[in-house]
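Each chain gets a letter, A, B and so on, in the order its sequence line appears, and its residues count up from 1.
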Amino acid sequence: MSFDFAAVINATPYLLQGLLFSVELTLVAMTGGMLLGTFMAIVRHMAVPVAADAIRAYVTLMRSIPLILVLFWFFFLVPLLLGHLTPAGRSIPLGPKFTAFITFTLFESAYYAEIVRAGLKAIDKGQYEGAKALGLSSSTMYWNVVVPQVLRVTAPIIVSQTIILFQDTALVYVLSLTDFFGAAAKIAQRDSKLVEFYSTVAVVYLLICSMGSELSERFRKKQGYRPPRGGLERAKRMFGLARP
Amino acid sequence: MTIGLLEITARAEQINEFTFRTFDAFASATVLYLLIALVLHQVAFQVERMLRIPGVSQNNTVKK
Amino acid sequence: MDDAFLARNEILRIEGLEQSYGSLPVLKGIDLRVNKGERVVICGPSGSGKSTLIRCINGLETFKSGTICVTDVRSGDHLTLLKDIRREVGMVFQSFNLFPHMSVLENCMLAPIKVRDVKKAEARERALYFLQKVRVLDQAQKYPGQLSGGQQQRVAIARALCMQPSIMLFDEPTSALDPEVVQEVLATMVGLAKEGMTMLCVTHEMGFAREVADRVILIDGGRIVEEAAPAQFFDTPQHERTRAFLGRVLRGYPEVA
(Lines give C-alpha, C1' and ligand atoms only; values in the text may rest on other atoms or scores of the structure.)
Protein backbone atom coordinates (compact mmCIF):
# COMPACT_ATOMS: atom_id res chain seq x y z
CA MET A 1 0.00 0.00 0.00
CA SER A 2 1.79 3.12 -1.14
CA PHE A 3 0.77 6.71 -0.74
CA ASP A 4 1.22 8.66 -3.93
CA PHE A 5 1.25 12.18 -2.63
CA ALA A 6 2.77 13.52 -5.80
CA ALA A 7 -0.71 13.29 -7.27
CA VAL A 8 -1.99 15.48 -4.48
CA ILE A 9 0.74 18.02 -4.99
CA ASN A 10 0.03 18.15 -8.71
CA ALA A 11 -3.62 18.80 -8.06
CA THR A 12 -2.94 21.56 -5.53
CA PRO A 13 -4.04 24.53 -7.68
CA TYR A 14 -7.39 22.94 -8.34
CA LEU A 15 -7.79 22.01 -4.69
CA LEU A 16 -6.91 25.53 -3.63
CA GLN A 17 -9.63 26.88 -5.90
CA GLY A 18 -12.12 24.66 -4.19
CA LEU A 19 -10.76 25.64 -0.78
CA LEU A 20 -11.07 29.29 -1.66
CA PHE A 21 -14.72 28.82 -2.50
CA SER A 22 -15.36 26.92 0.72
CA VAL A 23 -13.75 29.66 2.76
CA GLU A 24 -15.55 32.38 0.82
CA LEU A 25 -18.92 30.73 1.34
CA THR A 26 -18.22 30.20 5.03
CA LEU A 27 -17.25 33.83 5.58
CA VAL A 28 -20.25 35.20 3.71
CA ALA A 29 -22.70 32.88 5.43
CA MET A 30 -21.15 33.53 8.84
CA THR A 31 -21.19 37.32 8.50
CA GLY A 32 -24.62 37.53 6.94
CA GLY A 33 -25.98 34.83 9.22
CA MET A 34 -24.66 36.53 12.37
CA LEU A 35 -26.02 39.93 11.38
CA LEU A 36 -29.42 38.58 10.44
CA GLY A 37 -29.45 36.14 13.35
CA THR A 38 -28.57 38.79 15.91
CA PHE A 39 -31.30 41.04 14.58
CA MET A 40 -33.83 38.21 14.74
CA ALA A 41 -32.76 37.26 18.25
CA ILE A 42 -33.18 40.83 19.46
CA VAL A 43 -36.63 41.14 17.89
CA ARG A 44 -37.68 37.94 19.61
CA HIS A 45 -36.17 39.03 22.91
CA MET A 46 -38.04 42.30 22.72
CA ALA A 47 -41.23 40.36 22.00
CA VAL A 48 -42.24 42.69 19.18
CA PRO A 49 -45.89 41.75 18.49
CA VAL A 50 -46.08 40.18 15.04
CA ALA A 51 -42.44 39.99 14.09
CA ALA A 52 -41.39 37.83 17.03
CA ASP A 53 -43.85 35.10 16.12
CA ALA A 54 -42.94 35.26 12.46
CA ILE A 55 -39.29 34.87 13.35
CA ARG A 56 -40.06 32.00 15.69
CA ALA A 57 -41.83 30.22 12.83
CA TYR A 58 -38.94 30.91 10.47
CA VAL A 59 -36.30 29.67 12.91
CA THR A 60 -38.30 26.53 13.68
CA LEU A 61 -38.76 25.83 10.00
CA MET A 62 -35.11 26.34 9.08
CA ARG A 63 -33.93 24.18 11.91
CA SER A 64 -36.33 21.37 11.04
CA ILE A 65 -35.14 20.70 7.52
CA PRO A 66 -31.69 19.48 6.53
CA LEU A 67 -29.54 21.95 4.63
CA ILE A 68 -29.47 19.79 1.55
CA LEU A 69 -33.22 20.01 1.25
CA VAL A 70 -33.19 23.77 1.74
CA LEU A 71 -30.65 23.97 -1.06
CA PHE A 72 -32.93 21.95 -3.31
CA TRP A 73 -35.90 24.19 -2.51
CA PHE A 74 -34.04 27.38 -3.18
CA PHE A 75 -32.45 26.15 -6.33
CA PHE A 76 -35.70 24.91 -7.86
CA LEU A 77 -38.33 26.97 -6.17
CA VAL A 78 -37.06 30.53 -6.09
CA PRO A 79 -36.59 30.81 -9.86
CA LEU A 80 -40.20 29.63 -10.25
CA LEU A 81 -41.44 32.24 -7.80
CA LEU A 82 -39.42 34.97 -9.44
CA GLY A 83 -40.77 33.83 -12.79
CA HIS A 84 -44.33 34.30 -11.57
CA LEU A 85 -43.53 37.79 -10.39
CA THR A 86 -42.15 39.01 -13.69
CA PRO A 87 -44.48 39.63 -16.66
CA ALA A 88 -42.63 37.11 -18.81
CA GLY A 89 -43.78 34.26 -16.62
CA ARG A 90 -40.81 32.04 -17.27
CA SER A 91 -38.63 30.88 -14.45
CA ILE A 92 -35.49 32.91 -13.93
CA PRO A 93 -32.52 30.86 -12.99
CA LEU A 94 -30.33 32.31 -10.31
CA GLY A 95 -26.66 31.56 -10.55
CA PRO A 96 -25.73 28.58 -8.38
CA LYS A 97 -23.11 30.63 -6.58
CA PHE A 98 -25.62 33.33 -5.67
CA THR A 99 -28.09 30.67 -4.57
CA ALA A 100 -25.45 29.08 -2.38
CA PHE A 101 -24.58 32.36 -0.67
CA ILE A 102 -28.19 33.32 -0.01
CA THR A 103 -29.30 29.87 1.08
CA PHE A 104 -26.42 29.26 3.43
CA THR A 105 -26.82 32.71 4.97
CA LEU A 106 -30.54 32.25 5.56
CA PHE A 107 -30.05 28.74 6.89
CA GLU A 108 -27.27 29.62 9.29
CA SER A 109 -29.03 32.75 10.49
CA ALA A 110 -31.65 30.56 12.15
CA TYR A 111 -28.98 28.75 14.15
CA TYR A 112 -27.09 31.91 15.02
CA ALA A 113 -30.38 33.50 16.07
CA GLU A 114 -30.96 30.78 18.64
CA ILE A 115 -27.41 31.07 19.94
CA VAL A 116 -27.68 34.83 20.38
CA ARG A 117 -31.13 34.51 21.91
CA ALA A 118 -29.77 32.14 24.54
CA GLY A 119 -27.02 34.65 25.19
CA LEU A 120 -29.52 37.49 25.58
CA LYS A 121 -31.41 35.47 28.17
CA ALA A 122 -28.19 34.71 30.00
CA ILE A 123 -27.12 38.31 30.49
CA ASP A 124 -27.84 39.59 33.99
CA LYS A 125 -31.18 41.40 34.15
CA GLY A 126 -29.46 44.29 35.93
CA GLN A 127 -27.59 45.17 32.74
CA TYR A 128 -30.89 45.79 30.96
CA GLU A 129 -32.21 47.75 33.95
CA GLY A 130 -29.09 49.87 34.29
CA ALA A 131 -29.24 50.75 30.61
CA LYS A 132 -32.96 51.56 30.72
CA ALA A 133 -32.53 53.66 33.86
CA LEU A 134 -29.92 55.76 32.09
CA GLY A 135 -32.47 56.48 29.39
CA LEU A 136 -30.68 54.54 26.66
CA SER A 137 -32.86 53.65 23.71
CA SER A 138 -33.45 49.98 22.97
CA SER A 139 -31.10 50.02 20.02
CA THR A 140 -28.31 51.65 22.02
CA MET A 141 -28.92 49.25 24.87
CA TYR A 142 -28.65 46.19 22.67
CA TRP A 143 -25.83 47.45 20.45
CA ASN A 144 -23.54 49.06 23.04
CA VAL A 145 -24.34 47.23 26.25
CA VAL A 146 -25.90 43.83 25.75
CA VAL A 147 -24.66 42.35 22.47
CA PRO A 148 -20.94 42.92 23.23
CA GLN A 149 -21.42 40.90 26.39
CA VAL A 150 -23.47 38.26 24.59
CA LEU A 151 -20.80 37.77 21.94
CA ARG A 152 -18.12 37.27 24.55
CA VAL A 153 -20.22 34.74 26.40
CA THR A 154 -21.38 32.78 23.33
CA ALA A 155 -18.11 32.94 21.35
CA PRO A 156 -17.31 29.23 21.80
CA ILE A 157 -20.75 28.15 20.56
CA ILE A 158 -20.62 30.56 17.66
CA VAL A 159 -17.26 29.13 16.66
CA SER A 160 -18.73 25.62 16.89
CA GLN A 161 -21.57 26.61 14.61
CA THR A 162 -19.19 28.23 12.16
CA ILE A 163 -17.04 25.11 12.08
CA ILE A 164 -20.13 23.08 11.27
CA LEU A 165 -21.01 25.62 8.61
CA PHE A 166 -17.55 25.30 7.09
CA GLN A 167 -17.91 21.55 6.95
CA ASP A 168 -21.42 21.86 5.50
CA THR A 169 -20.11 23.77 2.50
CA ALA A 170 -19.38 20.36 1.03
CA LEU A 171 -23.08 20.18 0.23
CA VAL A 172 -22.82 22.65 -2.61
CA TYR A 173 -22.28 19.67 -4.89
CA VAL A 174 -26.06 19.51 -5.21
CA LEU A 175 -25.85 22.85 -6.98
CA SER A 176 -23.04 21.54 -9.16
CA LEU A 177 -20.61 23.89 -7.49
CA THR A 178 -17.15 22.80 -6.56
CA ASP A 179 -15.94 23.36 -3.07
CA PHE A 180 -12.82 21.96 -1.46
CA PHE A 181 -14.24 18.53 -0.80
CA GLY A 182 -15.87 18.37 -4.20
CA ALA A 183 -12.62 19.29 -5.92
CA ALA A 184 -10.74 16.60 -4.06
CA ALA A 185 -13.42 14.02 -4.76
CA LYS A 186 -13.41 14.75 -8.50
CA ILE A 187 -9.68 14.35 -8.87
CA ALA A 188 -9.58 11.39 -6.54
CA GLN A 189 -12.11 9.62 -8.73
CA ARG A 190 -10.38 10.68 -11.93
CA ASP A 191 -6.97 9.47 -10.79
CA SER A 192 -8.22 6.62 -8.61
CA LYS A 193 -6.26 7.90 -5.66
CA LEU A 194 -9.06 7.97 -3.14
CA VAL A 195 -6.99 7.37 0.00
CA GLU A 196 -4.43 10.10 -0.68
CA PHE A 197 -6.94 12.76 -1.51
CA TYR A 198 -9.47 12.01 1.17
CA SER A 199 -6.81 11.87 3.86
CA THR A 200 -5.35 15.16 2.68
CA VAL A 201 -8.80 16.71 2.79
CA ALA A 202 -9.36 15.36 6.29
CA VAL A 203 -6.08 16.83 7.52
CA VAL A 204 -6.78 20.24 5.97
CA TYR A 205 -10.27 20.40 7.47
CA LEU A 206 -8.81 19.39 10.83
CA LEU A 207 -6.17 22.10 10.68
CA ILE A 208 -8.59 24.83 9.69
CA CYS A 209 -11.17 23.92 12.29
CA SER A 210 -8.55 23.69 15.02
CA MET A 211 -7.27 27.12 14.04
CA GLY A 212 -10.79 28.43 14.37
CA SER A 213 -11.10 26.98 17.84
CA GLU A 214 -7.73 28.37 18.83
CA LEU A 215 -8.76 31.79 17.57
CA SER A 216 -11.84 31.80 19.72
CA GLU A 217 -9.82 30.72 22.74
CA ARG A 218 -7.44 33.61 22.13
CA PHE A 219 -10.32 36.03 21.84
CA ARG A 220 -11.90 34.73 25.01
CA LYS A 221 -8.72 34.97 27.00
CA LYS A 222 -7.87 38.39 25.64
CA GLN A 223 -8.54 40.10 28.93
CA GLY A 224 -5.65 39.21 31.18
CA TYR A 225 -4.97 35.48 30.99
CA ARG A 226 -1.82 34.35 29.17
CA PRO A 227 -1.75 30.66 28.30
CA PRO A 228 1.65 28.88 28.30
CA ARG A 229 3.68 29.86 25.30
CA GLY A 230 5.54 26.72 24.30
CA GLY A 231 4.82 25.20 20.89
CA LEU A 232 3.91 21.80 22.27
CA GLU A 233 1.51 23.39 24.76
CA ARG A 234 -0.21 25.26 21.99
CA ALA A 235 -0.49 22.16 19.84
CA LYS A 236 -1.92 20.28 22.78
CA ARG A 237 -4.48 23.00 23.37
CA MET A 238 -5.45 23.07 19.72
CA PHE A 239 -6.36 19.41 19.87
CA GLY A 240 -8.04 19.78 23.23
CA LEU A 241 -5.48 17.70 25.09
CA ALA A 242 -4.23 20.34 27.50
CA ARG A 243 -5.98 22.36 30.15
CA PRO A 244 -7.04 25.71 28.63
CA MET B 1 -26.64 9.41 0.41
CA THR B 2 -22.90 9.68 -0.08
CA ILE B 3 -22.21 6.23 1.35
CA GLY B 4 -25.16 4.56 -0.26
CA LEU B 5 -27.60 4.65 2.62
CA LEU B 6 -30.93 6.01 1.48
CA GLU B 7 -32.55 8.26 4.03
CA ILE B 8 -35.49 10.60 3.48
CA THR B 9 -33.78 13.11 1.19
CA ALA B 10 -32.08 10.46 -0.88
CA ARG B 11 -35.33 8.62 -1.37
CA ALA B 12 -37.00 11.86 -2.39
CA GLU B 13 -34.30 12.32 -5.00
CA GLN B 14 -34.87 8.76 -6.20
CA ILE B 15 -38.60 9.36 -6.49
CA ASN B 16 -37.84 12.51 -8.44
CA GLU B 17 -35.66 10.56 -10.83
CA PHE B 18 -38.23 7.84 -11.36
CA THR B 19 -41.44 9.83 -11.60
CA PHE B 20 -40.23 13.37 -12.47
CA ARG B 21 -42.64 14.75 -9.92
CA THR B 22 -40.01 16.95 -8.34
CA PHE B 23 -42.27 19.20 -6.34
CA ASP B 24 -44.33 16.37 -4.88
CA ALA B 25 -41.30 14.34 -3.94
CA PHE B 26 -39.44 17.11 -2.18
CA ALA B 27 -42.58 18.56 -0.63
CA SER B 28 -43.37 15.22 0.96
CA ALA B 29 -39.83 14.93 2.26
CA THR B 30 -40.06 18.43 3.71
CA VAL B 31 -43.37 17.72 5.40
CA LEU B 32 -41.95 14.54 6.89
CA TYR B 33 -38.96 16.40 8.29
CA LEU B 34 -41.20 19.13 9.65
CA LEU B 35 -43.42 16.65 11.45
CA ILE B 36 -40.47 14.91 13.06
CA ALA B 37 -38.98 18.26 14.02
CA LEU B 38 -42.21 19.53 15.52
CA VAL B 39 -42.47 16.43 17.67
CA LEU B 40 -38.89 16.96 18.84
CA HIS B 41 -39.64 20.62 19.55
CA GLN B 42 -42.57 19.67 21.73
CA VAL B 43 -40.42 17.19 23.62
CA ALA B 44 -37.76 19.83 24.15
CA PHE B 45 -40.39 22.32 25.28
CA GLN B 46 -41.78 19.87 27.83
CA VAL B 47 -38.31 19.09 29.12
CA GLU B 48 -37.59 22.79 29.46
CA ARG B 49 -40.82 23.26 31.37
CA MET B 50 -39.95 20.42 33.71
CA LEU B 51 -36.55 21.93 34.37
CA ARG B 52 -37.92 25.40 34.97
CA ILE B 53 -36.83 26.96 38.28
CA PRO B 54 -39.65 28.76 40.09
CA GLY B 55 -38.89 32.42 40.71
CA VAL B 56 -36.35 32.71 37.93
CA SER B 57 -37.51 34.81 35.02
CA GLN B 58 -37.30 32.87 31.77
CA ASN B 59 -36.69 35.72 29.47
CA ASN B 60 -35.15 38.44 31.66
CA THR B 61 -36.52 41.29 29.57
CA VAL B 62 -37.20 44.48 31.45
CA LYS B 63 -40.82 45.50 30.99
CA LYS B 64 -40.76 48.21 28.34
CA MET C 1 -46.14 81.48 46.72
CA ASP C 2 -47.90 81.25 43.40
CA ASP C 3 -48.82 78.01 41.70
CA ALA C 4 -46.23 78.30 38.99
CA PHE C 5 -43.44 78.55 41.49
CA LEU C 6 -44.81 75.68 43.50
CA ALA C 7 -45.26 73.64 40.39
CA ARG C 8 -41.69 74.20 39.29
CA ASN C 9 -40.39 73.52 42.74
CA GLU C 10 -41.94 70.12 42.83
CA ILE C 11 -39.70 67.61 41.15
CA LEU C 12 -41.65 64.42 41.66
CA ARG C 13 -45.34 63.90 42.15
CA ILE C 14 -46.90 60.50 42.62
CA GLU C 15 -50.65 60.18 43.01
CA GLY C 16 -52.72 57.14 43.77
CA LEU C 17 -50.09 54.64 42.68
CA GLU C 18 -51.32 51.08 42.65
CA GLN C 19 -49.45 48.00 41.63
CA SER C 20 -49.93 44.26 42.04
CA TYR C 21 -48.05 41.13 41.12
CA GLY C 22 -50.84 39.13 39.57
CA SER C 23 -53.57 39.11 42.18
CA LEU C 24 -51.30 40.11 45.04
CA PRO C 25 -51.48 43.89 45.66
CA VAL C 26 -48.08 45.42 46.32
CA LEU C 27 -48.80 49.14 46.30
CA LYS C 28 -52.19 50.27 47.51
CA GLY C 29 -52.49 53.92 46.66
CA ILE C 30 -49.28 55.87 47.24
CA ASP C 31 -49.22 59.67 47.24
CA LEU C 32 -45.82 61.26 47.38
CA ARG C 33 -44.36 64.63 46.54
CA VAL C 34 -40.71 65.53 46.49
CA ASN C 35 -39.63 69.13 46.13
CA LYS C 36 -36.46 70.47 44.64
CA GLY C 37 -33.51 69.95 46.92
CA GLU C 38 -35.40 67.69 49.29
CA ARG C 39 -33.88 64.48 50.56
CA VAL C 40 -36.47 61.83 51.24
CA VAL C 41 -35.64 58.48 52.79
CA ILE C 42 -38.01 55.55 52.43
CA CYS C 43 -37.75 52.62 54.77
CA GLY C 44 -39.87 49.68 55.68
CA PRO C 45 -39.93 45.95 56.19
CA SER C 46 -38.99 43.75 53.27
CA GLY C 47 -41.89 43.03 50.95
CA SER C 48 -43.51 46.34 51.84
CA GLY C 49 -43.26 47.61 48.28
CA LYS C 50 -40.62 50.28 48.76
CA SER C 51 -38.36 48.94 45.99
CA THR C 52 -41.37 48.52 43.71
CA LEU C 53 -42.34 52.12 44.35
CA ILE C 54 -38.93 53.42 43.33
CA ARG C 55 -38.79 51.20 40.29
CA CYS C 56 -42.22 52.38 39.15
CA ILE C 57 -40.93 55.92 38.93
CA ASN C 58 -38.56 55.26 36.06
CA GLY C 59 -40.57 52.54 34.47
CA LEU C 60 -38.62 49.46 35.51
CA GLU C 61 -41.95 48.25 36.84
CA THR C 62 -45.29 48.99 35.28
CA PHE C 63 -48.12 50.07 37.53
CA LYS C 64 -51.83 49.42 37.43
CA SER C 65 -53.17 52.89 38.14
CA GLY C 66 -52.14 56.28 39.37
CA THR C 67 -49.94 59.01 37.95
CA ILE C 68 -46.27 59.77 38.13
CA CYS C 69 -45.02 63.17 37.04
CA VAL C 70 -41.43 64.32 37.00
CA THR C 71 -40.46 67.95 36.54
CA ASP C 72 -37.37 68.89 34.59
CA VAL C 73 -35.43 71.03 37.05
CA ARG C 74 -33.92 73.20 34.34
CA SER C 75 -36.81 73.82 32.00
CA GLY C 76 -39.70 73.35 34.39
CA ASP C 77 -41.44 70.99 31.96
CA HIS C 78 -43.71 68.37 33.43
CA LEU C 79 -42.70 65.03 31.99
CA THR C 80 -44.94 62.02 31.70
CA LEU C 81 -43.37 60.22 28.78
CA LEU C 82 -41.16 57.39 29.94
CA LYS C 83 -38.20 58.29 27.79
CA ASP C 84 -38.23 61.87 29.11
CA ILE C 85 -38.62 60.71 32.69
CA ARG C 86 -35.70 58.33 32.40
CA ARG C 87 -33.56 61.17 31.14
CA GLU C 88 -34.24 63.27 34.20
CA VAL C 89 -34.28 60.50 36.81
CA GLY C 90 -30.97 59.00 37.83
CA MET C 91 -30.90 55.64 39.55
CA VAL C 92 -28.37 53.81 41.65
CA PHE C 93 -28.94 50.10 42.12
CA GLN C 94 -28.13 47.72 44.90
CA SER C 95 -26.09 45.61 42.49
CA PHE C 96 -24.39 48.58 40.79
CA ASN C 97 -25.21 47.35 37.26
CA LEU C 98 -22.08 48.82 35.73
CA PHE C 99 -21.29 47.64 32.20
CA PRO C 100 -18.37 45.23 32.64
CA HIS C 101 -17.03 45.38 29.10
CA MET C 102 -16.50 49.17 29.18
CA SER C 103 -14.02 51.13 31.22
CA VAL C 104 -15.21 53.27 34.10
CA LEU C 105 -14.83 56.36 31.97
CA GLU C 106 -16.72 54.83 29.06
CA ASN C 107 -19.50 53.75 31.42
CA CYS C 108 -19.98 57.37 32.43
CA MET C 109 -19.73 58.75 28.91
CA LEU C 110 -22.17 56.47 27.13
CA ALA C 111 -25.51 57.89 28.27
CA PRO C 112 -24.75 61.62 27.87
CA ILE C 113 -23.48 60.98 24.35
CA LYS C 114 -26.40 58.82 23.29
CA VAL C 115 -29.28 60.40 25.18
CA ARG C 116 -28.36 64.04 25.69
CA ASP C 117 -26.42 64.38 22.43
CA VAL C 118 -23.34 65.64 24.22
CA LYS C 119 -20.14 65.77 22.17
CA LYS C 120 -17.60 63.14 23.03
CA ALA C 121 -14.98 65.57 24.36
CA GLU C 122 -17.48 67.30 26.59
CA ALA C 123 -18.86 63.99 27.81
CA ARG C 124 -15.35 62.97 28.71
CA GLU C 125 -14.75 66.13 30.70
CA ARG C 126 -18.05 65.75 32.45
CA ALA C 127 -17.27 62.14 33.30
CA LEU C 128 -13.86 63.04 34.69
CA TYR C 129 -15.43 65.82 36.75
CA PHE C 130 -18.00 63.57 38.38
CA LEU C 131 -15.54 60.72 38.85
CA GLN C 132 -13.35 63.12 40.71
CA LYS C 133 -16.30 64.25 42.78
CA VAL C 134 -16.96 60.71 43.99
CA ARG C 135 -13.23 60.24 44.40
CA VAL C 136 -12.56 57.43 41.96
CA LEU C 137 -10.78 59.50 39.35
CA ASP C 138 -7.64 57.36 39.56
CA GLN C 139 -9.72 54.34 38.51
CA ALA C 140 -11.04 55.99 35.36
CA GLN C 141 -9.27 53.68 32.91
CA LYS C 142 -9.98 50.52 34.83
CA TYR C 143 -12.80 48.09 34.23
CA PRO C 144 -15.60 47.58 36.76
CA GLY C 145 -14.45 44.04 37.46
CA GLN C 146 -11.15 45.40 38.74
CA LEU C 147 -12.73 47.66 41.35
CA SER C 148 -13.93 47.00 44.86
CA GLY C 149 -17.64 47.09 45.66
CA GLY C 150 -17.47 50.51 47.23
CA GLN C 151 -15.60 51.90 44.25
CA GLN C 152 -18.06 50.33 41.83
CA GLN C 153 -21.02 51.86 43.61
CA ARG C 154 -19.38 55.27 43.59
CA VAL C 155 -18.78 54.88 39.86
CA ALA C 156 -22.46 54.00 39.51
CA ILE C 157 -23.34 57.21 41.33
CA ALA C 158 -21.02 59.21 39.06
CA ARG C 159 -22.51 57.52 35.99
CA ALA C 160 -26.00 58.60 37.04
CA LEU C 161 -24.77 62.10 37.84
CA CYS C 162 -23.23 62.50 34.41
CA MET C 163 -26.75 62.67 33.01
CA GLN C 164 -27.34 65.67 35.30
CA PRO C 165 -30.72 64.37 36.43
CA SER C 166 -33.37 66.40 38.19
CA ILE C 167 -33.72 63.75 40.90
CA MET C 168 -31.60 60.82 42.04
CA LEU C 169 -33.16 57.56 43.14
CA PHE C 170 -31.24 55.15 45.32
CA ASP C 171 -32.45 51.56 45.69
CA GLU C 172 -30.69 50.19 48.77
CA PRO C 173 -27.32 51.37 47.49
CA THR C 174 -25.28 50.01 50.39
CA SER C 175 -27.09 46.75 51.09
CA ALA C 176 -24.72 44.67 48.98
CA LEU C 177 -21.54 46.22 50.33
CA ASP C 178 -19.11 45.12 53.01
CA PRO C 179 -19.61 47.14 56.20
CA GLU C 180 -16.20 48.85 55.87
CA VAL C 181 -17.03 50.35 52.51
CA VAL C 182 -20.61 51.33 53.32
CA GLN C 183 -19.30 54.51 54.92
CA GLU C 184 -17.43 55.69 51.85
CA VAL C 185 -20.55 55.37 49.72
CA LEU C 186 -22.74 57.04 52.32
CA ALA C 187 -20.21 59.86 52.62
CA THR C 188 -20.50 60.34 48.87
CA MET C 189 -24.27 60.49 49.14
CA VAL C 190 -24.08 62.95 52.00
CA GLY C 191 -21.80 65.15 49.90
CA LEU C 192 -24.32 64.97 47.11
CA ALA C 193 -27.12 65.97 49.43
CA LYS C 194 -25.17 68.92 50.74
CA GLU C 195 -24.83 70.22 47.20
CA GLY C 196 -28.59 70.36 46.87
CA MET C 197 -29.35 67.28 44.76
CA THR C 198 -32.93 66.12 45.10
CA MET C 199 -32.78 62.57 46.42
CA LEU C 200 -35.21 59.77 47.05
CA CYS C 201 -33.49 56.98 48.85
CA VAL C 202 -34.60 53.51 49.91
CA THR C 203 -32.23 52.35 52.57
CA HIS C 204 -31.80 50.61 55.88
CA GLU C 205 -29.07 53.00 56.98
CA MET C 206 -30.91 54.88 59.69
CA GLY C 207 -27.85 56.90 60.64
CA PHE C 208 -27.77 58.28 57.16
CA ALA C 209 -31.49 59.06 57.32
CA ARG C 210 -31.15 60.89 60.58
CA GLU C 211 -28.23 62.96 59.35
CA VAL C 212 -29.33 63.90 55.88
CA ALA C 213 -33.04 63.37 55.32
CA ASP C 214 -35.59 66.14 55.27
CA ARG C 215 -38.34 63.57 55.52
CA VAL C 216 -38.43 59.91 56.45
CA ILE C 217 -41.25 57.73 55.16
CA LEU C 218 -42.25 54.32 56.42
CA ILE C 219 -43.95 52.06 53.93
CA ASP C 220 -45.58 48.90 55.15
CA GLY C 221 -48.03 46.67 53.39
CA GLY C 222 -48.05 48.85 50.28
CA ARG C 223 -49.13 52.02 52.06
CA ILE C 224 -47.38 55.00 53.57
CA VAL C 225 -47.69 54.53 57.30
CA GLU C 226 -45.79 57.52 58.55
CA GLU C 227 -44.09 60.50 57.02
CA ALA C 228 -42.17 62.93 59.20
CA ALA C 229 -38.95 64.85 59.72
CA PRO C 230 -36.18 62.60 61.10
CA ALA C 231 -36.26 64.05 64.57
CA GLN C 232 -39.92 63.33 64.96
CA PHE C 233 -39.75 60.04 63.09
CA PHE C 234 -37.03 58.52 65.21
CA ASP C 235 -37.68 60.13 68.58
CA THR C 236 -41.46 60.36 68.69
CA PRO C 237 -43.00 58.05 66.11
CA GLN C 238 -46.75 58.40 65.88
CA HIS C 239 -47.74 54.94 64.70
CA GLU C 240 -47.32 51.64 66.38
CA ARG C 241 -46.04 50.00 63.22
CA THR C 242 -43.31 52.61 63.04
CA ARG C 243 -42.31 51.84 66.58
CA ALA C 244 -42.33 48.12 65.83
CA PHE C 245 -40.21 48.60 62.75
CA LEU C 246 -37.71 50.84 64.50
CA GLY C 247 -37.54 48.40 67.34
CA ARG C 248 -36.52 45.66 64.97
CA VAL C 249 -34.10 47.75 62.96
CA LEU C 250 -32.34 49.89 65.53
CA ARG C 251 -30.46 48.29 68.33
CA GLY C 252 -31.11 49.69 71.78
CA TYR C 253 -34.42 51.21 70.71
CA PRO C 254 -37.12 50.88 73.39
CA GLU C 255 -39.08 47.78 72.42
CA VAL C 256 -42.81 47.94 71.95
CA ALA C 257 -44.30 46.56 75.15
Side-chain angles (χ1 to χ4, degrees), chain A residues 34 38-39 41-42 45-49 52 115-159 215-227 244, chain C residues 51 54-55 57-62 70 79 81-103 106-117 142-146 152-153 155-156 158-171 176:
Chain A
M34 268 304 290
T38 306
F39 173 73
I42 291 175
H45 191 246
M46 285 174 67
V48 179
I115 294 174
V116 172
R117 195 170 72 91
L120 289 173
K121 285 169 77 161
I123 297 296
D124 182 28
K125 192 172 168 190
Q127 291 294 303
Y128 294 95
E129 293 187 345
K132 284 280 173 211
L134 282 172
L136 299 177
S137 66
S138 283
S139 52
T140 310
M141 174 176 83
Y142 280 107
W143 185 251
N144 293 87
V145 176
V146 178
V147 170
Q149 297 185 52
V150 167
L151 291 180
R152 281 168 173 80
V153 160
T154 56
I157 323 174
I158 291 180
V159 168
L215 209 73
S216 95
E217 283 292 297
R218 290 263 189 111
F219 178 72
R220 205 159 64 86
K221 313 279 186 191
K222 200 172 67 148
Q223 260 116 22
Y225 178 79
R226 286 257 165 269
Chain C
S51 259
I54 289 251
R55 290 158 61 90
I57 296 176
N58 67 355
L60 293 180
E61 306 268 354
T62 49
V70 173
L79 311 166
L81 278 183
L82 199 55
K83 72 174 177 71
D84 297 322
I85 290 182
R86 282 178 177 163
R87 211 183 55 224
E88 292 301 327
V89 171
M91 183 148 178
V92 177
F93 296 86
Q94 186 175 344
S95 51
F96 330 138
N97 292 340
L98 294 178
F99 307 138
H101 59 295
M102 297 164 73
S103 72
E106 286 164 348
N107 259 279
C108 294
M109 283 167 63
L110 180 67
I113 292 176
K114 296 286 179 185
V115 183
R116 287 207 186 266
D117 291 321
K142 292 211 182 143
Y143 285 79
Q146 300 170 298
Q152 286 188 54
Q153 191 62 299
V155 170
R159 183 177 71 170
L161 289 175
C162 281
M163 283 293 284
Q164 296 180 320
S166 303
I167 177 170
M168 284 280 281
L169 304 178
F170 293 83
D171 188 1

Checklist outcome for this item: When the 4.5 angstrom heavy-atom criterion is applied to C:F99 and chain A, the contacting part is both
Checklist entry - Is it the backbone or the side chain of C:I85 that comes under 4.5 Å from a heavy atom of chain A, or both, or neither? => result neither
Checklist outcome for this item: Closest heavy-atom pair, A:G130 versus C:F93, reported as atoms and distance to 0.1 Å, is CA-CE1, 3.8 Å
Next on the checklist: Please find the pair of heavy atoms, one from A:L136 and one from C:A111, that lie closest to each other, and give the distance.
Outcome noted: CD2-CA, 3.8 Å
Item to check | Nearest non-hydrogen partners of C:P165 and C:G90, listed with the distance | outcome: CB-N, 3.5 Å
Checklist entry - Taking all non-hydrogen atoms of both residues, which atom of A:I42 and which atom of A:V147 are closest, and how far apart? => result CD1-CG2, 4.0 Å
Next on the checklist: Assess the residue pair A:I158 and A:L151 against the criterion (side-chain contact (heavy atoms from CB on, under 4.5 Å)); give the C-alpha distance rounded to whole Å, side-chain angles, the decisive distance to 0.1 Å, and a yes or no.
Outcome noted: CA-CA 8 Å; A:I158 291 180; A:L151 291 180; 4.0 Å; yes
Item to check | Proximity breakdown for C:V115 and chain A, heavy-atom pairs closer than 4.5 Å | outcome: side chain
Checklist entry - Taking all non-hydrogen atoms of both residues, which atom of C:P112 and which atom of C:C162 are closest, and how far apart? => result CG-O, 3.7 Å
Checklist outcome for this item: Counting heavy-atom pairs under 4.5 Å with chain A, the top scorer among C:L98, C:L169, C:V92 is C:L98
Chain A and chain C: which donor-acceptor pairs fall below 3.5 Å?
| from | atom 1 | to | atom 2 | distance (Å) |
| --- | --- | --- | --- | --- |
| A:G126 | O | C:N97 | ND2 | 3.2 |
| A:Q127 | NE2 | C:L98 | O | 2.9 |
| A:E129 | OE1 | C:R55 | NH1 | 3.2 |
| A:E129 | OE2 | C:R55 | NH1 | 3.4 |
| A:E129 | OE2 | C:R55 | NH2 | 2.7 |
| A:N144 | O | C:H101 | NE2 | 2.8 |

Item to check | Check: C:I54 and C:M91 side chains under 4.5 Å, non-hydrogen atoms | outcome: yes
